[in-house]
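The structure presented is a predicted model; accordingly, all values stated were derived computationally and were not measured.
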Amino acid sequence: MKKIIKTNQAPAPIGPYNQAVLTGNMLFISGQIALNPKTGELETEELQKETIRVMENLKAILAEAGMDFENVIKTSIFISDMNNFAKINEIYANYFNAETAPARETVEVANLPKFVNVEISAIAVKE
């Protein structure tokens, strides 16, 4: 049985998908980009701020499901330019405890939705 997780503190889906799906104790969060949920505008003028917006969107969805970044067991990071990895990773690291950080992969892709620089999805487990 699955439960759809929705919050107005993260961007509404722009297609036939949901922000997240909870099944059992596992939460699957759709890829988040730097859309500001209050204005609907992209925040892509500076890479660090863009990454913060992505992480804050993930944080809002986790909170709606009664979780936080400690519950995250896996992330997938998609970036448009691997040369941006260090800057993205610096912001990303602020949201996790190094000892309990999730598994992840980082992949450079040709394009992302709305031609953003970074998109991150996550899987979390509620104990």
Side-chain angles (χ1 to χ4, degrees):
M1 188 173 225
K2 67 182 181 180
K3 177 182 177 187
I4 304 305
I5 303 298
K6 294 181 188 179
T7 176
N8 62 5
Q9 300 302 305
I14 52 175
Y17 64 92
N18 287 291
Q19 290 171 329
V21 175
L22 182 68
T23 181
N25 66 341
M26 295 188 69
L27 181 69
F28 297 86
I29 304 175
S30 294
Q32 295 299 302
I33 60 174
L35 274 173
N36 183 311
K38 292 180 179 26
T39 66
E41 299 293 319
L42 282 172
E43 295 181 359
T44 58
E45 60 282 343
E46 183 185 325
L47 185 59
Q48 285 91 341
K49 288 182 180 177
E50 180 176 355
T51 307
I52 290 168
R53 169 51 48 212
V54 170
M55 296 303 291
E56 290 297 313
N57 290 343
L58 289 167
K59 182 178 177 180
I61 296 167
L62 285 162
E64 185 66 24
M67 299 186 203
D68 60 31
F69 284 107
E70 280 297 311
N71 295 99
V72 176
I73 61 168
K74 176 79 165 52
T75 61
S76 297
I77 303 175
F78 303 96
I79 60 178
S80 60
D81 183 348
M82 197 56 79
N83 293 313
N84 290 332
F85 175 78
K87 289 179 182 177
I88 293 167
N89 195 53
E90 180 183 351
I91 300 302
Y92 174 94
N94 292 328
Y95 288 84
F96 294 101
N97 176 333
E99 286 81 40
T100 60
R104 81 169 189 206
E105 67 264 333
T106 303
V107 180
E108 180 181 80
V109 296
N111 287 304
L112 288 164
K114 298 189 176 277
F115 301 100
V116 297
N117 298 297
V118 60
E119 178 177 7
I120 303 175
S121 64
I123 301 171
V125 173
K126 194 169 190 175
E127 307 264 341

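Within a 6.0 Å radius of NZ in K114, no more than 12 heavy atoms belonging to other residues, nucleotides or ligands are found.
A donor-acceptor pair under 3.5 Å links the side-chain atoms of N57 to the main chain of I33, judged by distance alone. Although no hydrogens or angles enter the test, the distance criterion places a donor-acceptor pair under 3.5 Å between the side chain of N71 and the main chain of D68. A donor-acceptor pair is defined here as one N or O able to donate and one able to accept, closer than 3.5 Å; such a pair exists between the side chain of S30 and the backbone of N18. In this structure a side-chain-to-backbone donor-acceptor pair under 3.5 Å is missing from E43 to E50. In this structure, N36 contributes its side chain and E41 its backbone to no donor-acceptor pair below 3.5 Å.
Annotation: side chain of F85 is not in contact with side chain of I77 (no heavy-atom distance under 4.5 Å). By the 4.5 Å heavy-atom criterion applied to side chains, P37 and R53 are counted as neighbours. Looking at L62 and I29, their side chains come closer than 4.5 Å, going by heavy atoms from C-beta outward. The shortest distance between side-chain heavy atoms of N117 and F78 does not fall below 4.5 Å. Proximity of D81 to E108: side-chain heavy atoms (C-beta onward) are separated by under 4.5 Å at one or more points. Using a 4.5 Å heavy-atom cutoff, the side chains of V109 and V107 are in contact. Looking at V125 and L27, their side chains never come closer than 4.5 Å, going by heavy atoms from C-beta outward. Within the 4.5 Å cutoff, side-chain heavy atoms of K38 are placed close to those of Q9.
When all heavy atoms of E64 and I5 are compared, the closest pair comes out as CG-CG2, 3.7 Å.
Hydrophobic cluster membership of M1, counting Ile, Leu, Val, Met, Phe, Trp and Tyr whose side-chain heavy atoms lie under 4.5 Å apart directly or via other members: none, as it forms a cluster of its own.
Hydrophobic clustering of Ile, Leu, Val, Met, Phe, Trp and Tyr side chains at less than 4.5 Å, counting indirect connections, unites I52 with I120. Under the 4.5 Å side-chain contact rule for hydrophobic residues, I73 and L22 do not share a cluster. L112 and I91 are members of different hydrophobic clusters when ILVMFWY side chains are connected at heavy-atom separations under 4.5 Å. If you chain together hydrophobic residues whose side chains sit under 4.5 Å apart, I61 and I123 never meet in one group. Under the 4.5 Å side-chain heavy-atom criterion for grouping Ile, Leu, Val, Met, Phe, Trp and Tyr, V118 is not connected to L42 through any hydrophobic cluster.
Note that NZ of K126 and CG of N25 are 10.0 Å apart. Values are rounded to the nearest 0.5 Å. Rounding to the nearest 0.5 Å places OG1 of T51 at 9.0 Å from CD1 of I79. Taking CD of E70 as the start and CD of E127 as the end, the distance is 10.5 Å to the nearest 0.5 Å. One finds the NZ atom of K2 at 11.5 Å from the CZ atom of F28 (value rounded to the nearest 0.5 Å).
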Could you walk me through whether F96 and M55 pass side-chain contact (heavy atoms from CB on, under 4.5 Å), step by step? CA-CA 11 Å; F96 294 101; M55 296 303 291; 3.8 Å; yes
Please assess Q32 against S121 for the test side-chain hydrogen bond (donor to acceptor under 3.5 Å, both in side chains), listing each intermediate value before the final yes or no. CA-CA 6 Å; Q32 295 299 302; S121 64; over 6 Å; no
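Geometrically, R104 engages Y92 in a cation-pi contact, judged by NZ or CZ lying under 6.0 Å from the ring centre and within 45° of the ring axis.
If you run side-chain contact (heavy atoms from CB on, under 4.5 Å) between F69 and each of L58, N94, N97, T100, only L58 comes through.
Every residue meeting the side chain to side chain contact (heavy atoms under 4.5 Å, CB included) condition with P13, not counting sequence neighbours, appears here in chain and number order: Y17, Q19.
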